Protein chains: 2
Amino acid sequence: MAASAPRSGNYEQLKGELSRLYPGMSPQLQRIATFALEHPQDMALDTVATLARGVGVQPSAMVRFAQALGYDGFSELQRVFRGRLVERSNTYPGLRNYRERIEAFRAGQQRSGPGGVLAQFVADGIASLEQLHEQVAPGDLAAAAKELSNSKSIYVLGHRRSFPVAYYIAYALNQLELEAHLLDSVGGMLKEPARQIGPKDALIVISFKNYTPEVVEVAQACHARKVPVIAITDNALSPLARAARVCFQIEEKTSKPFRMLVAPMCLAQALVVALGEQISK
Amino acid sequence: MAASAPRSGNYEQLKGELSRLYPGMSPQLQRIATFALEHPQDMALDTVATLARGVGVQPSAMVRFAQALGYDGFSELQRVFRGRLVERSNTYPGLRNYRERIEAFRAGQQRSGPGGVLAQFVADGIASLEQLHEQVAPGDLAAAAKELSNSKSIYVLGHRRSFPVAYYIAYALNQLELEAHLLDSVGGMLKEPARQIGPKDALIVISFKNYTPEVVEVAQACHARKVPVIAITDNALSPLARAARVCFQIEEKTSKPFRMLVAPMCLAQALVVALGEQISK
DNA sequence: TTGACTTTAGAACAGGTGTTCCAGAACAAT
DNA sequence: ATTGTTCTGGAACACCTGTTCTAAAGTCAA
């Protein structure tokens with residue numbers, strides 16, 4: 001077999017090569033090819049032995065298959081299938097063209113100019129929002145809205161960079177004519193008002209690392225007192241995660257040295273609206 | 001280590017267990033936990049040795065980590081991460097095409113459950129950011145940064161829904177060790193401190209319609225006194241536009257009955273960073 | 001300090017990995 | 001039929017896998 005060596009780096013190319021080479025392949029290799037395209041996930045994760053059993057061939061045949069496609073061995077071929085898996089897991093078809101556009105845009109722009117700063121923030125913000133959508137389980141928003149709709153008053157707590165988010169939530173809830181209180185610590189008073197929060201109320205708490213200790217303390221204290229706590233934080237390992245009934249985790253993959261507020265703010269607005277809808281029915 | 005054996009079958013459960021067990025873990029295990037949540041894909045595909053190198057521990061530590069979570073060994077834990085990967089890859093969670101969602105929302109306000117709320121906000125947020133990028137002239141950010149870098153103190157003013165943006169700017173400027181003052185009107189005092197702002201200072205003012213009268217007044221007064229004013233508002237007809245040296249206009253195309261804060265927040269962060277870069281050279 | 005205990009590093013191990021190799025089967029052409 | 005070539009099965013191999021085990025280091029209380 002001549003089998004010119006293309007060695008496609010990604011799955012799409014691989015499919016192309018495969019369909020090109022397929023007619024010239026031996027029956028066995030054709031069977032493997034069919035299997036590979038029908039079970040790309042297995043190809044990504046299983047071992048050669050397992051796959052060979054699945055196709056009904058010897059492991060060596062799998063290696064030959066990979067080599068027929070120009071790869072050194074099966075492992076190298078498998079890398080392509082794995083690549084497909086990870087790419088699919090963090091890219092949505094509807095948003096893909098955005099990414100590409102942003103990437104292209106970034107590439108074209110010089111990075112340091114002040115015009116580039118905004119472009120970068122826009123790009124990061126979009127990425128941030130995409131990730132928000134990936135990370136938040138659909139039921140969480142509903143669960144949070146339900147908790148909140150059952151509560152007498154809603155308290156909102158967030159300090160430092162999380163304060164804008166907290167403020168906005170309190171503000172918007174008031175616009176909905178709900179009884180919402182912002183726990184600012186004006187005049188150094190935080191814990192005193194926090195102690196009035198009871199099991200019939202609810203607490204929305206926002207904090208990212210490094211988690212402001214006072215905020216965490218209040219959240220934990222409330223949780224211990226059976227107050228429903230809705231948390232917005234970054235991580236499952238956040239101390240807030242343990243102290244919350246519903247916990248939104250907004251991980252940040254940006255390269256920036258500081259946190260983007262775009263995603264938390266967006267979530268906050270969605271939460272308020274979800275609550276509004278919950279109540280109006 | 002007690003470490004009751006939960007042995008979560010899926011990634012969500014695993015995250016829960018992890019956050020529960022985290023506080024009781026040894027420092028090394030905590031590091032591994034952090035790494036695992038930050039690199040779930042690597043956890044799914046790499047070998048123990050590779051991952052261990054990534055975290056900076058011995059392979060045995062990875063195994064201990066898995067066992068601490070109740071699994072027999074690392075392989076069993078890895079299966080959970082792999083499960084997540086394949087699940088994500090073949091169920092595109094909602095949001096097939098976000099444009100469709102926007103259209104649907106605009107046209108027939110077909111509400112599609114609380115999960116849909118978030119998807120819509122994400123979609124609107126992305127649209128919002130894209131528009132931000134189109135609307136802001138490249139030079140404006142530079143111009144604003146330059147004005148600000150020449151000023152003695154920076155005052156920031158924004159009320160109601162614009163307050164989060166104002167607060168954030170003041171907060172971030174303080175982090176840059178600049179002299180920034182937030183003009184909140186705690187205790188009903190707004191105009192008094194505002195009167196101290198002089199031509200060598202600068203004012204950043206944020207307001208969308210309907211423009212809070214007090215805010216507009218302060219901005220106009222400052223402008224009349226030759227204070228450099230940087231405005232963030234919604235369109236060219238805004239009263240702030242006339243009272244500003246640099247004016248960012250963030251029009252909103254959304255059909256939502258209220259304003260999205262995603263774009264202004266993003267602009268605010270970009271502005272701060274642009275200023276930071278301006279100063280450091 | 002001492003002593004009990006936990007945490008960590010690293011070597012050792014058994015089993016499984018991907019790969020190679022070669023003899024024989026299948027096939028096509030003469 | 002026979003030859004030349006391709007294809008397939010299966011054993012053999014070197015290596016790397018995940019795991020276990022032990023001893024050293026670290027931690028904390030008294």
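Each chain gets a letter, A, B and so on, in the order its sequence line appears, and its residues count up from 1. What you see below is based on every heavy atom in this structure, not just the backbone, and it leaves out hydrogens, waters and symmetry mates. A quick note: this is a predicted structure, and the numbers were derived from the prediction, not measured.
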Trainee: Between B:Met62 (CE) and C:dA9 (P), how many Å, whole number?
Mentor: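 Answer to the nearest Å: 13 Å.
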Trainee: Considering residues at least two apart in sequence or located in another chain, which fulfil the side-chain hydrogen bond (donor to acceptor under 3.5 Å, both in side chains) criterion with A:Thr233?
Mentor: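 A:Thr233 satisfies side-chain hydrogen bond (donor to acceptor under 3.5 Å, both in side chains) with A:Ser238 once adjacent residues are dropped.
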Trainee: Rounded to whole angstrom units, what separation is found between the CZ atom of B:Phe65 and the C1' atom of C:dT8?
Mentor: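 Going from CZ in B:Phe65 over to C1' in C:dT8 covers 16 Å.
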Trainee: What residues, two or more places apart in sequence or in another chain, satisfy side-chain contact (heavy atoms from CB on, under 4.5 Å) together with A:Lys209?
Mentor: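 With neighbours one apart ignored, the set is A:Tyr211, A:Asp234, A:Asn235, B:Glu38.
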Trainee: Salt bridge (charged side-chain N to carboxylate O under 4.0 Å, His left out) with A:Arg245: which residues, sequence neighbours excluded?
Mentor: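 Per chain and number, A:Arg245 pairs via salt bridge (charged side-chain N to carboxylate O under 4.0 Å, His left out) with A:Glu147.
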Trainee: To the nearest Å, give me how far apart CD (B:Gln30) and C1' (C:dT8) are.
Mentor: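 From B:Gln30 CD to C:dT8 C1': 15 Å.
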Trainee: Starting at atom CG of B:Leu45, determine the distance to atom C1' of C:dT17, rounded to an integer number of angstrom.
Mentor: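 In whole Å, C:dT17 C1' lies 17 Å from B:Leu45 CG.
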Trainee: Using a cut-off of strictly less than 4.0 Å, decide whether B:Gln58 has a side-chain nitrogen or oxygen near OP1 or OP2 of C:dG10.
Mentor: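 Yes.
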Trainee: Under 6.0 Å between the ring centres of B:Tyr11 and B:Phe81?
Mentor: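 Judged by ring-centre distance (under 6.0 Å), B:Tyr11 and B:Phe81 do meet the cut-off.
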Trainee: The criterion is side-chain hydrogen bond (donor to acceptor under 3.5 Å, both in side chains); which residues satisfy it with A:Glu76, sequence neighbours excluded?
Mentor: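 Counting only residues at least two positions away or on another chain, A:Glu76 forms a side-chain hydrogen bond (donor to acceptor under 3.5 Å, both in side chains) with A:Arg7.
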Trainee: Nearest whole angstrom, please: distance from the P of D:dC16 to the CG of B:Leu51.
Mentor: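 Rounding to the nearest Å, CG of B:Leu51 and P of D:dC16 are 17 Å apart.
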Trainee: Please list each protein N or O that sits under 3.5 Å from an N or O in nucleotides 27-29 of chain D, with the distance.
Mentor:
none

Trainee: Rounding to an integer number of Å, can you tell me how far B:Ile32 CD1 sits from C:dT8 C1'?
Mentor: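 The answer, rounded to whole Å, is 11 Å.
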Trainee: Report yes if at least one side-chain N or O of B:Gln28 is closer than 4.0 Å to OP1 or OP2 of C:dT8; otherwise report no.
Mentor: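 Yes, such a contact exists.
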Trainee: side-chain hydrogen bond (donor to acceptor under 3.5 Å, both in side chains) with A:Gln220: which residues, sequence neighbours excluded?
Mentor: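 Here no residue qualifies.
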Trainee: Using the test side-chain hydrogen bond (donor to acceptor under 3.5 Å, both in side chains), find all partners of A:Glu217 that sit at least two apart in sequence or belong to another chain.
Mentor: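 Residues passing side-chain hydrogen bond (donor to acceptor under 3.5 Å, both in side chains) with A:Glu217: A:Lys191.
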Trainee: Once you measure the plane-to-plane angle for B:Tyr171 and B:Tyr167, does it fall in the parallel (<30°), tilted (30-60°) or perpendicular (>60°) bin?
Mentor: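 Taking B:Tyr167 first and then B:Tyr171, their aromatic rings lie parallel (interplane angle under 30°).
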Trainee: Ignoring backbone atoms, test whether B:Ser26 places a side-chain nitrogen or oxygen under 4.0 Å from the OP1 or OP2 oxygen of C:dT8.
Mentor: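 Yes, within the criterion.
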Trainee: Would you give me the side-chain donor-acceptor pairs under 3.5 Å for residues 50-62 of chain A, sequence neighbours excluded?
Mentor:
{"unit_1": "A:Thr50", "atom_1": "OG1", "unit_2": "A:Thr47", "atom_2": "OG1", "d": "2.9"}

Trainee: If a protein heavy atom is under 4.0 Å from the base, mark B; if only from the sugar-phosphate, S; if neither, -; do that for nucleotides 18-25 of chain D going 5' to 3'.
Mentor: SBB-----
